[in-house]
> 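Dropping a structure here in structure tokens format, bear with me for questions.
Predicted model, so just to flag it, every value in this text is computed and none were measured.
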Amino acid sequence: MAIDQGINFIDVSPYYGLTKAEQVLGKALASVPRDNYILATKTGRFGYNETDFDFSENGTIASVDESHQRLGVDYVDLIQCHDIEFGNLDQIVNETLPALRKICEQGKARYIGITGLPLKIFTEVIDRAEVDTVLSYCHCSLNDKSLTELISYFEAKGIGIINASPFSMGLLTNRGSPDWHPADEETRNYCAQAAEFCAQQGTDIAKISLQYSLSLTGIQTTLFSTAKEDNMARNLRWAKESLDITLLNQILFNLKPIANRTWPSGRDVNN
């Protein structure tokens, strides 16, 4: 349904569902012409613990081949180092990224990228190595738009920007953030109050969140995830509707006390 409605960029990872996401996606794409979609996956992160990361050259090469098998494809359009803040950035620059370039030279991928939460990891790596894309999450949404401060830097480097999680991993939804969410209590409370304010105005904060992220210039792709077809159809409908600027400004004002507040991820030195 998503591809039929115009969505053509699909992002996955061995980490999602501990390889199940790639397996299920591979089955779903088996009957879809390969040129109908752009496929991205990742390497480096394979589980929830610090020991579940492998940014070595051999591990990277093996991971890509295994992803190809699960996805049922000969190549991916984009291969990304997943959550590099959990690794040693020297290794990312000197070992992982060169391995990914070799994979591209072999025709197994077209472009390479890096992903993660702390914004400083992007400039620290890009100042020393060449990548084609960055994937940042929870930094281009109603409560945190700090990614926008780096847009001109990425543009000067010719790097495409992928913005993920416009709903801030559930903070900007009516159901609220899940128990595992790393945001502090004050941030959770302010976002919950913003959701209630939107409901009082007769709208869904998730709608404004998605529309706001899509309205920001300089971002090439915005990713959202859902397991329900109804949610996919709803998000597509919202994406085509006009953003209520008056309501948006009220929400941004209400969230100002926690604007651009984030949380640590990965190694302390990378935050």
Side-chain angles (χ1 to χ4, degrees), residues 1-3 5-11 37-38 40 78 113 115-117 119 122 132-177 181 183 187 190-226 228 230-262:
M1 189 274 282
I3 292 177
Q5 294 296 316
I7 290 180
N8 66 354
F9 184 83
I10 304 171
D11 176 80
Y37 58 89
I38 299 169
L78 174 63
T115 87
L117 179 73
L119 293 177
F122 295 127
D132 302 306
T133 66
V134 296
L135 188 158
S136 171
Y137 66 99
C138 294
H139 287 308
C140 203
S141 54
L142 292 172
N143 61 305
D144 185 342
K145 63 172 185 176
S146 51
L147 177 63
T148 60
E149 298 172 5
L150 289 176
I151 289 178
S152 60
Y153 169 84
F154 293 136
E155 288 180 339
K157 300 283 188 177
I159 294 171
I161 306 171
I162 303 169
N163 167 44
S165 195
F167 311 119
S168 288
M169 298 194 303
L171 279 176
L172 303 171
T173 63
N174 286 331
R175 69 178 182 276
S177 57
H181 202 291
T187 298
Y190 268 96
C191 290
Q193 292 169 14
E196 182 178 356
F197 172 76
C198 285
Q200 292 172 351
Q201 311 307 309
T203 192
D204 191 323
I205 192 171
K207 173 182 178 179
I208 306 300
S209 302
L210 179 63
Q211 292 177 336
Y212 174 67
S213 292
L214 292 174
S215 73
L216 297 172
T217 58
I219 306 294
Q220 279 69 51
T221 301
T222 293
L223 298 176
F224 64 85
S225 61
T226 180
K228 298 180 179 180
D230 289 346
N231 287 345
M232 179 68 70
R234 180 200 63 185
N235 290 343
L236 288 170
R237 184 177 69 252
W238 285 347
K240 298 174 183 178
E241 296 177 359
S242 299
L243 174 61
D244 186 333
I245 300 300
T246 300
L247 179 58
L248 169 65
N249 289 333
Q250 290 175 312
I251 297 169
L252 293 177
F253 178 81
N254 292 342
L255 292 174
K256 194 172 182 179
I258 52 101
N260 292 353
R261 184 182 298 181
T262 187

> Determine the minimum heavy-atom distance between Q5 and K240, stating which atoms define it.
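Heavy atoms only, the tightest pair is OE1-NZ, 4.4 Å.
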
> Can you find a pair of side-chain heavy atoms, one from I10 and one from I3, that are under 4.5 Å apart?
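A side-chain contact exists here, since the closest heavy-atom pair is under 4.5 Å.
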
> Ignoring hydrogens, what is the shortest heavy-atom contact between G218 and I161? Give both atom names and the distance.
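Minimum heavy-atom separation between G218 and I161: O-CD1, 3.4 Å.
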
> Between CD of E196 and CD of Q201, what distance do you get to the nearest 0.5 Å?
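Going from the CD atom of E196 to the CD atom of Q201 covers 11.0 Å.
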
> Applying salt bridge (charged side-chain N to carboxylate O under 4.0 Å, His left out), can you list everything that pairs with D144, at least two apart in sequence or on another chain?
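Checked D144 against salt bridge (charged side-chain N to carboxylate O under 4.0 Å, His left out); zero matches.
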
> Going from CE on M169 to OG on S225, what distance comes out if it is rounded to the nearest 0.5 angstrom?
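Answer rounded to 0.5 Å: 11.0 Å.
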
> Side chain to side chain contact (heavy atoms under 4.5 Å, CB included), that's the test. Do Y153 and F122 meet it? Break it down for me.
CA-CA 10 Å; Y153 169 84; F122 295 127; 5.8 Å; no

> Specify the closest pair of heavy atoms between L142 and L252, including all atoms of both residues, with the distance to one decimal.
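Shortest heavy-atom separation between L142 and L252 comes out as O-CD2, 3.5 Å.
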
> Is any side-chain heavy atom of L135 closer than 4.5 Å to one of L223?
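Yes, their side chains come closer than 4.5 Å.
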
> Would you compute the distance between atom CG of L236 and atom CZ of F224 and round it to the nearest 0.5 angstrom?
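The distance works out to 5.0 Å.
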
> Which atom pair, heavy atoms only, marks the closest approach of P166 to S209?
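Smallest heavy-atom distance, with atoms named: O-CB, 3.7 Å.
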
> Of the non-hydrogen atoms in A40 and F9, which two are nearest, and what is the gap between them?
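Shortest heavy-atom contact: CB-CZ, 3.8 Å.
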
> Please name all residues satisfying side-chain contact (heavy atoms from CB on, under 4.5 Å) with A183, sequence neighbours left out, ordered by chain then number.
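Once residues adjacent in sequence are excluded, the partners of A183 under the side-chain contact (heavy atoms from CB on, under 4.5 Å) criterion are L171, H181, T187, R188, W263.
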
> Do S168 and S141 meet the criterion of a side-chain donor-acceptor pair at a distance under 3.5 Å?
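Present: a donor and an acceptor within the cut-off.
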
> Check each of N174, I205, N254 against C198 using the side chain to side chain contact (heavy atoms under 4.5 Å, CB included) test, and report the only one that passes.
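Result: among N174, I205, N254, I205 is the only option passing the side chain to side chain contact (heavy atoms under 4.5 Å, CB included) with C198.
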
> Can you see which heavy atom on I159 is nearest to which on V134, and at what distance?
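Reported closest heavy-atom pair: CG2-N, 3.8 Å.
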
> Evaluate side chain to side chain contact (heavy atoms under 4.5 Å, CB included) for M232 paired with I7, printing each intermediate quantity in order.
CA-CA 10 Å; M232 179 68 70; I7 290 180; 3.6 Å; yes

> Rounded to the nearest 0.5 Å, what's the gap from CZ on F167 to SG on C191? Could you check?
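Result: 13.5 Å between the selected atoms.
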
> Kindly write out the residues that satisfy side-chain contact (heavy atoms from CB on, under 4.5 Å) with T148, not counting sequence neighbours, or none if the list is empty.
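side-chain contact (heavy atoms from CB on, under 4.5 Å) check on T148 returns C140, K145, I151, L216.
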
> Does any part of the side chain of L147, heavy atoms only, come nearer than 4.5 Å to the side chain of I219, both counted from C-beta?
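They are in side-chain contact.
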
> Got a second to check how far R234's CZ is from T226's OG1, nearest 0.5 Å?
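Atom-to-atom, R234:CZ and T226:OG1 are 7.0 Å apart.
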
> Is a donor on one side and an acceptor on the other found under 3.5 Å between the side chain of Q220 and the backbone of I162?
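No, Q220 side chain to I162 backbone: no donor-acceptor pair under 3.5 Å.
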
> Quick one: do N163 and S213 satisfy side chain to side chain contact (heavy atoms under 4.5 Å, CB included)? Show the steps, please.
CA-CA 8 Å; N163 167 44; S213 292; 3.8 Å; yes

> Is there a side-chain contact between T203 and L247 in this structure, where contact means two heavy atoms from C-beta onward sitting under 4.5 Å apart?
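They are in contact (side-chain heavy atoms under 4.5 Å apart), so the answer is yes.
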
> Yes or no on side chain to side chain contact (heavy atoms under 4.5 Å, CB included) for W238 and L214, after CA distance, side-chain angles and deciding distance?
CA-CA 10 Å; W238 285 347; L214 292 174; over 6 Å; no

> Drop me the distance from E149's CD to L119's CG, to the nearest 0.5 angstrom.
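Taking CD in E149 and CG in L119, the distance rounds to 8.0 Å.
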
